[in-house]
S.K.: 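Pasting a structure below so you can have a look.
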Number of protein chains: 2
Amino acid sequence: MERQVDKKPTRDILRERNRMALITATLDCVAELGIAGTSVSAIIERAGLSRGMIHLHFDGKDKLLEEAAQQLNAQYYDTLDAALLAAGPSPEEQVEAIVRTDLSVDLLNERYANIWYAFRGEARKRDSIAVFSNTRDARLRNRIFQTFLAIARSAECPEPEQVARDAAHGTLALLEGMWADFLLHPHAFRREEATRIVLRFLAGLFPSHFTLSGAQPAER
Amino acid sequence: MERQVDKKPTRDILRERNRMALITATLDCVAELGIAGTSVSAIIERAGLSRGMIHLHFDGKDKLLEEAAQQLNAQYYDTLDAALLAAGPSPEEQVEAIVRTDLSVDLLNERYANIWYAFRGEARKRDSIAVFSNTRDARLRNRIFQTFLAIARSAECPEPEQVARDAAHGTLALLEGMWADFLLHPHAFRREEATRIVLRFLAGLFPSHFTLSGAQPAER
DNA sequence: TCGAAAAATGGACGCTTGTCCATTTTTTGG
DNA sequence: CCAAAAAATGGACAAGCGTCCATTTTTCGA
(Lines give C-alpha, C1' and ligand atoms only; values in the text may rest on other atoms or scores of the structure.)
Protein backbone atom coordinates (compact mmCIF):
# COMPACT_ATOMS: atom_id res chain seq x y z
CA MET A 1 0.00 0.00 0.00
CA GLU A 2 1.51 3.29 -1.06
CA ARG A 3 1.85 6.19 1.32
CA GLN A 4 -0.47 8.97 0.36
CA VAL A 5 1.54 11.47 2.37
CA ASP A 6 4.27 13.29 0.42
CA LYS A 7 2.50 12.19 -2.72
CA LYS A 8 1.76 15.76 -3.71
CA PRO A 9 4.48 17.05 -6.07
CA THR A 10 6.82 19.83 -5.01
CA ARG A 11 5.41 21.85 -7.86
CA ASP A 12 1.97 22.13 -6.33
CA ILE A 13 3.35 22.98 -2.92
CA LEU A 14 5.37 25.87 -4.32
CA ARG A 15 2.43 26.98 -6.40
CA GLU A 16 0.19 27.13 -3.34
CA ARG A 17 2.88 28.98 -1.41
CA ASN A 18 3.06 31.72 -4.04
CA ARG A 19 -0.69 31.89 -4.19
CA MET A 20 -0.89 32.50 -0.48
CA ALA A 21 1.97 34.99 -0.65
CA LEU A 22 -0.05 37.05 -3.09
CA ILE A 23 -3.12 37.03 -0.87
CA THR A 24 -1.13 37.94 2.22
CA ALA A 25 0.68 40.71 0.38
CA THR A 26 -2.64 42.05 -0.86
CA LEU A 27 -4.12 42.17 2.64
CA ASP A 28 -0.96 43.83 3.96
CA CYS A 29 -1.19 46.49 1.27
CA VAL A 30 -4.86 47.17 1.97
CA ALA A 31 -4.11 47.48 5.68
CA GLU A 32 -1.21 49.89 5.21
CA LEU A 33 -1.98 51.76 2.01
CA GLY A 34 -5.74 51.50 1.70
CA ILE A 35 -7.64 50.21 -1.29
CA ALA A 36 -6.47 53.11 -3.43
CA GLY A 37 -2.82 52.39 -2.69
CA THR A 38 -3.11 48.66 -3.33
CA SER A 39 -1.78 48.56 -6.90
CA VAL A 40 -0.49 45.53 -8.74
CA SER A 41 3.01 46.97 -8.46
CA ALA A 42 2.69 47.38 -4.69
CA ILE A 43 1.39 43.83 -4.25
CA ILE A 44 4.04 42.04 -6.30
CA GLU A 45 6.81 44.12 -4.74
CA ARG A 46 5.69 43.10 -1.25
CA ALA A 47 5.26 39.47 -2.27
CA GLY A 48 8.67 39.43 -3.98
CA LEU A 49 7.17 37.91 -7.10
CA SER A 50 6.83 38.98 -10.68
CA ARG A 51 4.05 40.92 -12.36
CA GLY A 52 2.59 38.04 -14.29
CA MET A 53 1.83 35.93 -11.22
CA ILE A 54 -1.39 37.74 -10.50
CA HIS A 55 -2.71 36.83 -13.91
CA LEU A 56 -1.46 33.25 -13.57
CA HIS A 57 -2.89 32.42 -10.15
CA PHE A 58 -5.97 34.59 -10.32
CA ASP A 59 -7.55 36.14 -13.36
CA GLY A 60 -6.50 39.67 -12.60
CA LYS A 61 -6.47 42.06 -9.71
CA ASP A 62 -10.22 41.98 -9.04
CA LYS A 63 -10.30 38.24 -8.45
CA LEU A 64 -7.29 38.52 -6.20
CA LEU A 65 -9.01 41.10 -4.06
CA GLU A 66 -12.10 38.91 -3.90
CA GLU A 67 -10.18 35.87 -2.72
CA ALA A 68 -8.29 37.97 -0.20
CA ALA A 69 -11.60 39.14 1.22
CA GLN A 70 -12.86 35.56 1.42
CA GLN A 71 -9.75 34.44 3.24
CA LEU A 72 -10.14 37.22 5.77
CA ASN A 73 -13.72 36.12 6.29
CA ALA A 74 -12.63 32.52 6.84
CA GLN A 75 -10.06 33.61 9.41
CA TYR A 76 -12.72 35.53 11.30
CA TYR A 77 -15.01 32.52 11.52
CA ASP A 78 -12.25 30.09 12.40
CA THR A 79 -11.34 32.23 15.38
CA LEU A 80 -14.95 32.66 16.42
CA ASP A 81 -15.81 28.99 16.06
CA ALA A 82 -12.82 27.95 18.11
CA ALA A 83 -13.83 30.30 20.91
CA LEU A 84 -17.42 29.07 20.88
CA LEU A 85 -16.22 25.50 21.09
CA ALA A 86 -14.01 26.32 24.06
CA ALA A 87 -16.76 28.22 25.89
CA GLY A 88 -19.47 26.66 27.97
CA PRO A 89 -22.61 25.30 26.32
CA SER A 90 -25.21 27.58 27.92
CA PRO A 91 -26.68 30.39 25.80
CA GLU A 92 -25.33 33.01 28.21
CA GLU A 93 -21.82 31.65 27.96
CA GLN A 94 -22.04 31.43 24.18
CA VAL A 95 -23.17 35.03 23.84
CA GLU A 96 -20.47 36.25 26.15
CA ALA A 97 -17.90 34.26 24.19
CA ILE A 98 -18.98 35.95 20.96
CA VAL A 99 -18.70 39.38 22.52
CA ARG A 100 -15.33 38.78 24.14
CA THR A 101 -13.87 37.12 21.05
CA ASP A 102 -15.10 39.80 18.69
CA LEU A 103 -13.41 42.40 20.89
CA SER A 104 -10.30 40.32 21.52
CA VAL A 105 -6.92 41.25 20.12
CA ASP A 106 -7.08 38.25 17.81
CA LEU A 107 -9.83 39.88 15.78
CA LEU A 108 -10.03 43.51 16.77
CA ASN A 109 -6.57 44.80 15.87
CA GLU A 110 -5.29 47.57 13.62
CA ARG A 111 -4.56 45.35 10.66
CA TYR A 112 -7.93 43.69 10.74
CA ALA A 113 -9.88 46.89 11.33
CA ASN A 114 -8.08 48.75 8.56
CA ILE A 115 -8.76 46.02 6.04
CA TRP A 116 -12.32 45.57 7.15
CA TYR A 117 -13.29 49.22 6.74
CA ALA A 118 -11.32 49.63 3.54
CA PHE A 119 -13.31 46.78 2.00
CA ARG A 120 -16.60 48.06 3.36
CA GLY A 121 -16.00 51.47 1.84
CA GLU A 122 -15.71 49.98 -1.63
CA ALA A 123 -18.15 47.14 -1.08
CA ARG A 124 -20.95 49.07 -2.74
CA LYS A 125 -19.11 49.12 -6.03
CA ARG A 126 -17.62 45.63 -6.05
CA ASP A 127 -20.28 42.96 -5.95
CA SER A 128 -17.79 40.25 -5.03
CA ILE A 129 -16.88 41.96 -1.79
CA ALA A 130 -20.43 42.97 -0.96
CA VAL A 131 -21.59 39.37 -1.20
CA PHE A 132 -18.96 38.14 1.20
CA SER A 133 -19.66 41.00 3.57
CA ASN A 134 -23.37 40.22 3.65
CA THR A 135 -22.75 36.52 4.07
CA ARG A 136 -20.59 37.10 7.11
CA ASP A 137 -23.21 39.32 8.54
CA ALA A 138 -26.05 36.88 7.95
CA ARG A 139 -24.25 33.90 9.46
CA LEU A 140 -23.28 35.71 12.63
CA ARG A 141 -26.67 37.36 12.92
CA ASN A 142 -28.56 34.11 12.74
CA ARG A 143 -26.32 32.35 15.19
CA ILE A 144 -26.58 35.06 17.79
CA PHE A 145 -30.32 35.38 17.25
CA GLN A 146 -30.88 31.70 17.98
CA THR A 147 -28.86 32.00 21.15
CA PHE A 148 -30.84 34.97 22.35
CA LEU A 149 -34.07 33.21 21.48
CA ALA A 150 -33.17 30.46 23.93
CA ILE A 151 -32.46 33.04 26.59
CA ALA A 152 -35.64 34.98 25.93
CA ARG A 153 -37.72 31.81 26.14
CA SER A 154 -36.12 30.70 29.38
CA ALA A 155 -36.78 34.19 30.75
CA GLU A 156 -40.43 33.82 29.76
CA CYS A 157 -40.54 37.15 27.95
CA PRO A 158 -43.91 38.26 26.52
CA GLU A 159 -42.63 38.32 22.91
CA PRO A 160 -39.49 36.21 22.79
CA GLU A 161 -38.96 36.56 19.02
CA GLN A 162 -39.00 40.33 19.04
CA VAL A 163 -36.86 40.54 22.16
CA ALA A 164 -34.33 38.11 20.71
CA ARG A 165 -34.25 40.02 17.46
CA ASP A 166 -33.68 43.29 19.26
CA ALA A 167 -31.02 41.74 21.43
CA ALA A 168 -29.17 40.27 18.44
CA HIS A 169 -29.54 43.45 16.44
CA GLY A 170 -28.37 45.63 19.31
CA THR A 171 -25.45 43.44 20.26
CA LEU A 172 -24.14 43.33 16.72
CA ALA A 173 -24.63 47.06 16.29
CA LEU A 174 -22.76 47.70 19.54
CA LEU A 175 -19.88 45.49 18.46
CA GLU A 176 -19.82 47.19 15.09
CA GLY A 177 -19.69 50.57 16.80
CA MET A 178 -16.82 49.44 19.00
CA TRP A 179 -14.88 48.43 15.92
CA ALA A 180 -15.41 51.85 14.39
CA ASP A 181 -14.28 53.39 17.64
CA PHE A 182 -11.14 51.31 17.60
CA LEU A 183 -10.44 52.21 13.99
CA LEU A 184 -10.54 55.93 14.73
CA HIS A 185 -8.82 55.86 18.11
CA PRO A 186 -6.71 52.69 18.33
CA HIS A 187 -4.56 54.08 21.15
CA ALA A 188 -7.32 55.52 23.32
CA PHE A 189 -9.41 52.36 22.95
CA ARG A 190 -9.93 50.27 26.09
CA ARG A 191 -10.90 46.70 25.47
CA GLU A 192 -12.34 46.11 28.94
CA GLU A 193 -14.45 49.23 28.71
CA ALA A 194 -15.92 48.14 25.39
CA THR A 195 -16.69 44.70 26.78
CA ARG A 196 -18.27 46.17 29.89
CA ILE A 197 -20.57 48.40 27.87
CA VAL A 198 -21.85 45.52 25.77
CA LEU A 199 -22.47 43.52 28.92
CA ARG A 200 -24.29 46.50 30.41
CA PHE A 201 -26.58 46.41 27.41
CA LEU A 202 -27.21 42.71 27.88
CA ALA A 203 -27.74 43.11 31.62
CA GLY A 204 -30.27 45.81 30.86
CA LEU A 205 -32.21 43.47 28.59
CA PHE A 206 -31.88 40.30 30.70
CA PRO A 207 -31.08 41.35 34.29
CA SER A 208 -31.32 37.85 35.66
CA HIS A 209 -29.13 36.28 32.99
CA PHE A 210 -26.21 38.69 32.67
CA THR A 211 -24.37 40.49 35.46
CA LEU A 212 -21.59 43.03 35.45
CA SER A 213 -18.64 41.55 37.26
CA GLY A 214 -16.86 44.47 38.88
CA ALA A 215 -18.99 47.23 37.40
CA GLN A 216 -21.55 49.04 39.47
CA PRO A 217 -25.13 49.06 38.23
CA ALA A 218 -26.09 52.44 36.77
CA GLU A 219 -29.03 52.89 39.08
CA ARG A 220 -29.85 51.22 42.33
CA MET B 1 -26.40 106.17 1.49
CA GLU B 2 -25.67 103.39 -0.94
CA ARG B 3 -27.48 100.09 -0.79
CA GLN B 4 -25.18 97.29 0.29
CA VAL B 5 -27.48 94.66 -1.11
CA ASP B 6 -26.79 93.67 -4.73
CA LYS B 7 -23.38 95.24 -4.30
CA LYS B 8 -21.62 91.92 -4.79
CA PRO B 9 -20.66 91.57 -8.47
CA THR B 10 -22.29 88.94 -10.64
CA ARG B 11 -18.81 87.51 -11.13
CA ASP B 12 -18.47 86.42 -7.51
CA ILE B 13 -21.94 84.93 -7.43
CA LEU B 14 -21.25 82.78 -10.46
CA ARG B 15 -17.86 81.83 -9.08
CA GLU B 16 -19.41 80.63 -5.84
CA ARG B 17 -22.08 78.75 -7.76
CA ASN B 18 -19.49 76.81 -9.73
CA ARG B 19 -17.52 76.15 -6.58
CA MET B 20 -20.55 74.60 -4.94
CA ALA B 21 -21.38 72.69 -8.11
CA LEU B 22 -17.98 71.02 -7.94
CA ILE B 23 -18.42 70.05 -4.29
CA THR B 24 -21.91 68.68 -4.90
CA ALA B 25 -20.77 66.74 -7.96
CA THR B 26 -17.90 65.30 -5.95
CA LEU B 27 -20.20 64.09 -3.17
CA ASP B 28 -22.59 62.64 -5.76
CA CYS B 29 -19.75 60.73 -7.39
CA VAL B 30 -18.50 59.37 -4.07
CA ALA B 31 -22.01 58.25 -3.18
CA GLU B 32 -22.63 56.50 -6.49
CA LEU B 33 -19.20 55.39 -7.69
CA GLY B 34 -17.18 55.14 -4.49
CA ILE B 35 -13.89 56.88 -3.83
CA ALA B 36 -12.15 54.82 -6.50
CA GLY B 37 -14.64 55.86 -9.16
CA THR B 38 -14.51 59.52 -8.25
CA SER B 39 -12.08 60.72 -10.92
CA VAL B 40 -11.58 64.28 -12.09
CA SER B 41 -13.25 63.34 -15.36
CA ALA B 42 -16.30 61.96 -13.56
CA ILE B 43 -16.62 65.04 -11.37
CA ILE B 44 -16.40 67.64 -14.12
CA GLU B 45 -18.74 65.68 -16.34
CA ARG B 46 -21.38 65.61 -13.61
CA ALA B 47 -20.86 69.27 -12.78
CA GLY B 48 -21.01 70.24 -16.47
CA LEU B 49 -17.83 72.24 -16.17
CA SER B 50 -14.41 72.07 -17.69
CA ARG B 51 -11.34 70.24 -16.49
CA GLY B 52 -9.43 73.30 -15.37
CA MET B 53 -12.04 74.41 -12.85
CA ILE B 54 -10.84 72.04 -10.18
CA HIS B 55 -7.39 73.59 -10.29
CA LEU B 56 -8.86 77.10 -10.37
CA HIS B 57 -11.24 76.83 -7.42
CA PHE B 58 -9.27 74.34 -5.38
CA ASP B 59 -5.64 73.39 -5.71
CA GLY B 60 -6.25 69.96 -7.14
CA LYS B 61 -8.40 66.95 -6.49
CA ASP B 62 -7.22 66.31 -2.93
CA LYS B 63 -8.24 69.75 -1.69
CA LEU B 64 -11.61 69.35 -3.39
CA LEU B 65 -12.23 66.07 -1.59
CA GLU B 66 -11.23 67.67 1.69
CA GLU B 67 -13.63 70.58 1.30
CA ALA B 68 -16.39 68.23 0.24
CA ALA B 69 -15.85 66.24 3.44
CA GLN B 70 -15.96 69.43 5.49
CA GLN B 71 -19.21 70.50 3.88
CA LEU B 72 -20.78 67.15 4.63
CA ASN B 73 -19.70 67.53 8.22
CA ALA B 74 -21.23 70.99 8.42
CA GLN B 75 -24.52 69.69 7.04
CA TYR B 76 -24.59 66.97 9.69
CA TYR B 77 -24.15 69.43 12.53
CA ASP B 78 -26.59 71.95 11.13
CA THR B 79 -29.29 69.30 11.08
CA LEU B 80 -28.40 68.07 14.56
CA ASP B 81 -28.24 71.54 16.08
CA ALA B 82 -31.60 72.47 14.63
CA ALA B 83 -33.17 69.34 16.12
CA LEU B 84 -31.63 69.99 19.54
CA LEU B 85 -32.93 73.53 19.49
CA ALA B 86 -36.42 72.32 18.65
CA ALA B 87 -36.39 69.62 21.34
CA GLY B 88 -37.18 70.16 24.98
CA PRO B 89 -34.43 71.40 27.31
CA SER B 90 -34.23 68.43 29.69
CA PRO B 91 -31.25 66.07 29.33
CA GLU B 92 -33.58 63.17 28.56
CA GLU B 93 -35.25 65.04 25.72
CA GLN B 94 -31.90 66.20 24.37
CA VAL B 95 -30.51 62.66 24.29
CA GLU B 96 -33.61 61.32 22.64
CA ALA B 97 -33.45 64.11 20.06
CA ILE B 98 -29.88 63.17 19.19
CA VAL B 99 -30.84 59.53 18.75
CA ARG B 100 -33.94 60.21 16.69
CA THR B 101 -32.23 62.80 14.51
CA ASP B 102 -29.17 60.65 13.87
CA LEU B 103 -31.49 57.87 12.70
CA SER B 104 -33.84 60.17 10.81
CA VAL B 105 -34.11 60.14 7.05
CA ASP B 106 -32.50 63.58 6.94
CA LEU B 107 -29.17 62.13 8.04
CA LEU B 108 -29.38 58.35 7.71
CA ASN B 109 -30.06 57.89 4.00
CA GLU B 110 -28.30 56.00 1.24
CA ARG B 111 -26.42 58.96 -0.13
CA TYR B 112 -25.13 60.03 3.26
CA ALA B 113 -24.23 56.53 4.39
CA ASN B 114 -22.40 55.71 1.17
CA ILE B 115 -20.32 58.87 1.35
CA TRP B 116 -19.64 58.46 5.02
CA TYR B 117 -18.26 54.93 4.76
CA ALA B 118 -16.38 55.66 1.56
CA PHE B 119 -14.53 58.46 3.33
CA ARG B 120 -13.92 56.40 6.43
CA GLY B 121 -12.36 53.61 4.40
CA GLU B 122 -9.74 55.93 3.03
CA ALA B 123 -9.50 58.15 6.10
CA ARG B 124 -6.44 56.31 7.31
CA LYS B 125 -4.44 57.37 4.29
CA ARG B 126 -5.67 60.96 3.89
CA ASP B 127 -4.89 63.09 6.91
CA SER B 128 -7.30 65.81 5.82
CA ILE B 129 -10.29 63.48 5.98
CA ALA B 130 -9.15 61.77 9.17
CA VAL B 131 -8.95 65.09 10.97
CA PHE B 132 -12.48 66.06 10.03
CA SER B 133 -13.75 62.61 10.97
CA ASN B 134 -12.16 62.77 14.40
CA THR B 135 -13.37 66.31 14.97
CA ARG B 136 -16.95 65.32 14.25
CA ASP B 137 -16.60 62.45 16.61
CA ALA B 138 -15.09 64.50 19.41
CA ARG B 139 -17.73 67.25 19.26
CA LEU B 140 -20.65 64.85 19.34
CA ARG B 141 -19.04 62.69 21.99
CA ASN B 142 -18.48 65.55 24.37
CA ARG B 143 -21.94 66.97 23.94
CA ILE B 144 -23.63 63.66 24.61
CA PHE B 145 -21.33 62.92 27.53
CA GLN B 146 -22.26 66.18 29.27
CA THR B 147 -25.93 65.40 28.80
CA PHE B 148 -25.57 61.94 30.30
CA LEU B 149 -23.54 63.35 33.15
CA ALA B 150 -26.51 65.50 34.13
CA ILE B 151 -28.77 62.46 34.00
CA ALA B 152 -26.38 60.28 36.00
CA ARG B 153 -26.05 62.95 38.70
CA SER B 154 -29.78 63.42 38.99
CA ALA B 155 -30.12 59.63 39.25
CA GLU B 156 -27.58 59.68 42.09
CA CYS B 157 -25.45 56.95 40.58
CA PRO B 158 -22.46 55.73 42.57
CA GLU B 159 -19.92 56.78 39.90
CA PRO B 160 -21.64 59.31 37.65
CA GLU B 161 -18.59 60.01 35.49
CA GLN B 162 -18.02 56.39 34.58
CA VAL B 163 -21.70 55.72 34.01
CA ALA B 164 -22.03 58.83 31.82
CA ARG B 165 -18.94 57.85 29.85
CA ASP B 166 -20.27 54.34 29.31
CA ALA B 167 -23.65 55.67 28.31
CA ALA B 168 -22.17 58.12 25.81
CA HIS B 169 -19.77 55.52 24.47
CA GLY B 170 -22.48 52.89 24.15
CA THR B 171 -25.03 55.19 22.58
CA LEU B 172 -22.61 56.40 19.94
CA ALA B 173 -21.45 52.86 19.25
CA LEU B 174 -25.05 51.72 18.87
CA LEU B 175 -25.83 54.55 16.47
CA GLU B 176 -22.67 53.77 14.53
CA GLY B 177 -23.71 50.15 14.29
CA MET B 178 -27.16 51.10 13.07
CA TRP B 179 -25.57 53.14 10.30
CA ALA B 180 -23.47 50.20 9.23
CA ASP B 181 -26.58 48.04 9.30
CA PHE B 182 -28.38 50.53 7.08
CA LEU B 183 -25.44 50.69 4.68
CA LEU B 184 -25.48 46.93 4.15
CA HIS B 185 -29.26 46.41 4.14
CA PRO B 186 -30.93 49.69 3.21
CA HIS B 187 -34.17 47.98 2.22
CA ALA B 188 -34.52 45.64 5.20
CA PHE B 189 -33.67 48.42 7.63
CA ARG B 190 -36.45 49.57 9.97
CA ARG B 191 -35.98 52.99 11.44
CA GLU B 192 -38.40 52.45 14.35
CA GLU B 193 -36.71 49.20 15.28
CA ALA B 194 -33.32 50.87 15.39
CA THR B 195 -34.66 53.68 17.51
CA ARG B 196 -36.38 51.26 19.86
CA ILE B 197 -33.17 49.29 20.41
CA VAL B 198 -31.20 52.38 21.33
CA LEU B 199 -33.93 53.39 23.75
CA ARG B 200 -33.89 49.88 25.21
CA PHE B 201 -30.21 50.38 25.92
CA LEU B 202 -30.89 53.71 27.62
CA ALA B 203 -33.82 52.29 29.57
CA GLY B 204 -31.53 49.50 30.76
CA LEU B 205 -29.00 52.02 32.05
CA PHE B 206 -31.45 54.56 33.47
CA PRO B 207 -34.77 52.78 34.07
CA SER B 208 -36.40 55.74 35.77
CA HIS B 209 -35.37 58.26 33.11
CA PHE B 210 -36.11 56.47 29.84
CA THR B 211 -39.11 54.34 29.01
CA LEU B 212 -40.05 52.30 25.97
CA SER B 213 -43.25 53.72 24.58
CA GLY B 214 -45.06 50.78 22.99
CA ALA B 215 -42.31 48.22 23.47
CA GLN B 216 -42.62 45.53 26.09
CA PRO B 217 -39.85 45.27 28.65
CA ALA B 218 -37.61 42.29 28.00
CA GLU B 219 -38.17 40.77 31.44
CA ARG B 220 -40.88 41.47 33.91
C1' DT C 1 19.00 11.74 -18.08
C1' DC C 2 16.15 14.09 -21.03
C1' DG C 3 12.12 15.75 -23.49
C1' DA C 4 7.71 17.61 -22.24
C1' DA C 5 4.95 20.39 -19.37
C1' DA C 6 4.13 23.57 -15.92
C1' DA C 7 5.56 27.80 -13.46
C1' DA C 8 7.58 32.11 -13.33
C1' DT C 9 9.50 36.20 -15.39
C1' DG C 10 9.41 41.09 -16.73
C1' DG C 11 8.89 44.16 -20.47
C1' DA C 12 5.51 46.17 -23.85
C1' DC C 13 1.06 47.70 -24.57
C1' DG C 14 -3.08 50.67 -24.43
C1' DC C 15 -5.59 53.23 -21.35
C1' DT C 16 -6.77 56.43 -17.60
C1' DT C 17 -5.34 59.32 -14.18
C1' DG C 18 -4.41 64.34 -12.23
C1' DT C 19 -1.97 68.49 -13.38
C1' DC C 20 -0.98 72.40 -15.87
C1' DC C 21 -1.31 76.29 -19.15
C1' DA C 22 -2.00 78.82 -23.57
C1' DT C 23 -6.19 80.40 -25.34
C1' DT C 24 -10.92 82.07 -25.42
C1' DT C 25 -14.95 83.99 -23.20
C1' DT C 26 -17.16 86.82 -19.86
C1' DT C 27 -17.44 90.58 -16.61
C1' DT C 28 -15.90 94.75 -14.65
C1' DG C 29 -15.15 99.79 -13.86
C1' DG C 30 -14.26 104.15 -15.98
C1' DC D 1 -18.26 101.47 -25.39
C1' DC D 2 -13.78 99.71 -24.48
C1' DA D 3 -9.61 98.19 -22.50
C1' DA D 4 -8.17 95.58 -18.49
C1' DA D 5 -8.98 91.84 -15.48
C1' DA D 6 -11.06 87.78 -14.07
C1' DA D 7 -13.14 83.33 -15.18
C1' DA D 8 -13.56 79.43 -17.87
C1' DT D 9 -12.09 76.31 -21.43
C1' DG D 10 -10.13 72.01 -23.14
C1' DG D 11 -6.13 69.89 -25.03
C1' DA D 12 -1.22 68.43 -24.02
C1' DC D 13 1.54 66.07 -20.93
C1' DA D 14 3.99 62.72 -17.97
C1' DA D 15 3.17 59.22 -14.73
C1' DG D 16 0.91 55.30 -13.20
C1' DC D 17 -2.40 51.80 -13.88
C1' DG D 18 -3.77 46.62 -15.06
C1' DT D 19 -3.34 43.27 -18.70
C1' DC D 20 -1.10 40.27 -21.58
C1' DC D 21 2.40 37.31 -23.71
C1' DA D 22 6.94 35.85 -25.67
C1' DT D 23 10.66 34.09 -23.16
C1' DT D 24 13.24 31.76 -19.53
C1' DT D 25 13.48 28.74 -15.56
C1' DT D 26 12.05 24.91 -12.90
C1' DT D 27 9.88 20.53 -12.14
C1' DC D 28 7.96 16.17 -13.61
C1' DG D 29 7.52 11.44 -15.33
C1' DA D 30 9.39 7.90 -18.12
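Every chain is numbered from 1, with letters handed out A, B, ... down the list of sequences. Quantities reported herein were computed from a predicted structural model and do not represent experimental measurements. Side chains are part of it too, since the values below use all heavy atoms of this structure and drop only hydrogens, waters and symmetry mates.
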S.K.: To the nearest 0.5 Å, tell me how far A:Y117 OH sits from A:L184 CG.
M.R.: 8.0 Å
S.K.: Can you tell me if the side-chain N/O atoms of B:H55 get under 4.0 Å from OP1 or OP2 in C:dC20?
M.R.: yes
S.K.: Please work out if B:I54 contacts a base, only the sugar-phosphate, or nothing of the nucleic acid, heavy-atom cut-off 4.0 Å.
M.R.: nothing
S.K.: Please tell me if A:H57 has a side-chain N or O lying less than 4.0 Å from either OP1 or OP2 of C:dA8.
M.R.: yes
S.K.: Name every residue in residues 43-51 of chain B that has at least one heavy atom under 4.0 Å from any atom of DNA chain C, in order of residue number, or write none if there are no such residues.
M.R.: B:R51
S.K.: Is the backbone of A:I35 close enough, under 3.5 Å, to the side chain of B:E122 for a donor and an acceptor to pair up by distance?
M.R.: yes
S.K.: When the distance from CG of B:L14 to C1' of C:dT25 is rounded to whole Å, what number comes out?
M.R.: 13 Å
S.K.: Would you compute the distance between atom CG of A:L175 and atom CD1 of A:I144 and round it to the nearest 0.5 angstrom?
M.R.: 6.5 Å
S.K.: Rounded to whole angstroms, how far apart are CZ on A:R15 and P on C:dA7?
M.R.: 4 Å
S.K.: At under 4.0 Å between heavy atoms, what does B:G52 touch on the DNA or RNA strands: base, sugar-phosphate, or nothing?
M.R.: base
S.K.: Just how far, in rounded Å, is C1' of C:dT17 from CG of B:D62?
M.R.: 13 Å
S.K.: Rounded to whole angstrom units, what separation is found between the CG atom of B:L65 and the C1' atom of C:dG18?
M.R.: 12 Å
S.K.: D:dA7, OP1 or OP2 - any side-chain N/O from B:N18 closer than 4.0 Å?
M.R.: no
S.K.: Does any non-hydrogen side-chain atom of B:L14 lie less than 4.5 Å from one of B:R17?
M.R.: yes
S.K.: For A:R17 and D:dT26, give me the distance from atom CZ to atom C1', rounded to whole Å.
M.R.: 14 Å
S.K.: Taking the minimum atom-to-atom distance to the side chain of B:M53, which one of C:dT17, D:dC28, D:dA8 wins?
M.R.: D:dA8
S.K.: Do you know which two heavy atoms are closest between A:F201 and A:A167, and how far apart they sit?
M.R.: CE2-O, 4.0 Å
S.K.: Between A:V40 and A:H55, is any pair of side-chain heavy atoms under 4.5 Å apart?
M.R.: no
S.K.: Quickly work out the A:D12 CG to D:dT26 P distance and round it to whole Å.
M.R.: 18 Å
S.K.: State, without any angle test, whether A:H169 and B:D181 hold a side-chain donor-acceptor pair at a distance under 3.5 Å.
M.R.: yes
S.K.: Verify the contact: side-chain N or O of B:S41 to OP1 or OP2 of C:dT16, cut-off strictly under 4.0 Å; return yes or no.
M.R.: no
S.K.: Measure NZ/A:K63 against C1'/D:dT19 and give the value in whole Å, please.
M.R.: 15 Å
S.K.: Tell me: CG of B:L56 to P of C:dT24, nearest whole Å?
M.R.: 18 Å
S.K.: If only side-chain N and O atoms of A:S39 are considered, is one of them under 4.0 Å from the OP1 or OP2 phosphate oxygen of D:dC17?
M.R.: yes
